[in-house]
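Numbers here simply count residues along the sequence, with the first being 1. Predicted model only: the values in this text are computed from it and were never measured. For ligands, and for the atoms within them, numbers begin at 1 and follow the listed sequence. FYI, side chains are in, hydrogens and waters are out, and symmetry mates aren't considered; it's all heavy atoms of this structure.
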Amino acid sequence: MPPAQDQAMPTPDSNIVPEKVRDGIDVVINGEPFRHTGDPAMPLLWYLRDVLRLTGTKYGGEAQAGNGADLVLVDGKPLPAIGQPMQALAGKQVTTVEGLAANDGTLHPLQQAFIDEDAIGCGHCTPGWLISGVALLARTAQPSDDDIDQLPNLCRCGAQTRVRRAIKRAAAGKAGQA
Ligand code: FES
C-alpha cells in the first residue's frame with residue numbers, strides 16, 4: 001500500500017553543499033562590457049587568457065616579483081594582471097595590449113615605434129613593455145633613459161636598448177617615419 005501523502009519521507013544522506021548563485025562582476029575590457037560569473041578570486045590574467053582568449057598578456061611571475069609581461073592598464077594605471085582578482089575590478093576599465101590599436105587596425109604609435117626600432121626579440125616581454133610604455137608617455141611626454149629604466153619590465157632577449165629607442169621615437173612623434 002503506497003504511503004499517505006502527508007507521511008514524512010526520510011532525508012537521504014548527501015555530500016552536496018549548496019552554493020549561492022554568484023552575482024556577476026561587470027568589467028569593461030578594451031571598450032567592451034563583460035560580466036564574470038565565475039570565481040570572484042580568479043586572477044584577471046586567467047580571465048583574459050582562458051575565458052576571453054586574449055593571449056597577448058603573458059604570465060610573468062608572481063605579482064610582486066614578475067617581469068612585467070602581464071601588465072595591463074586598469075583605469076589607466078599599469079598593474080600586473082596576475083595580482084588582480086576579478087572581484088577587485090568591478091566597474092573598472094581594463095586595457096590589454098590587444099586594445100592599444102585603433103578600431104580600424106592602425107597601430108598605436110608606440111607599437112609602430114617598436115617595429116621601426118626592431119625592439120622585439122622572442123616577443124614574450126613586448127606586451128608588458130607596450131603597456132608600461134604607454135602609461136609612461138601619458139605621464140611624461142619626453143621620458144629620459146632613467147625614466148625608461150625604472151619601468152618594471154625585463155627582457156631576457158636583450159632588447160632594452162632598442163626598447164628605449166622605440167619609446168623615445170614615439171615620444172618624438174616619429175613612429176612610422178624613416
Ligand atoms: S623579446 Fe624576448 S624576453 Fe624580451
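- A donor atom on one side chain and an acceptor atom on the other are not found under 3.5 Å apart for T140 and D147.
- Between S132 and N153, the shortest heavy-atom contact is OG-OD1, 2.7 Å.
- Counting backbone and side-chain atoms alike, C155 contributes an N/O/S atom closer than 2.8 Å to atom 4 (Fe) of ligand 1.
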(Q) V74 vs Q93, test: side chain to side chain contact (heavy atoms under 4.5 Å, CB included). Steps then yes/no. (A) CA-CA 6 Å; V74 178; Q93 303 258 353; over 6 Å; no

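- Residue G123 approaches ligand 1 through these ligand atoms, each under 4.0 Å from one of its heavy atoms: 1 (S), 2 (Fe).
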**Q.** Stepwise side chain to side chain contact (heavy atoms under 4.5 Å, CB included) test for W46 and I82
**A.** CA-CA 8 Å; W46 306 135; I82 194 71; 3.8 Å; yes

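- Residues N67 and H124 have side chains in contact (heavy-atom distance under 4.5 Å, counting atoms from C-beta outward).
- In the vicinity of G121, heavy-atom distances shorter than 4.0 Å reach the ligand 1 atoms 1 (S).
- Looking at C122 against ligand 1, both its backbone and its side chain come within 4.0 Å, counting heavy atoms.
- Applying side chain to side chain contact (heavy atoms under 4.5 Å, CB included) to V72 and the options L44, V97, L45 leaves one that passes, L44.
- Atoms of ligand 1 lying under 4.0 Å from at least one heavy atom of R156, given by number and element, are 3 (S).
- Residue C125: an N/O/S atom is found under 2.8 Å from atom 4 (Fe) of ligand 1.
- Of the candidates G158, A119, A69, C157, the one placing a heavy atom closest to atom 2 (Fe) of ligand 1 is C157.
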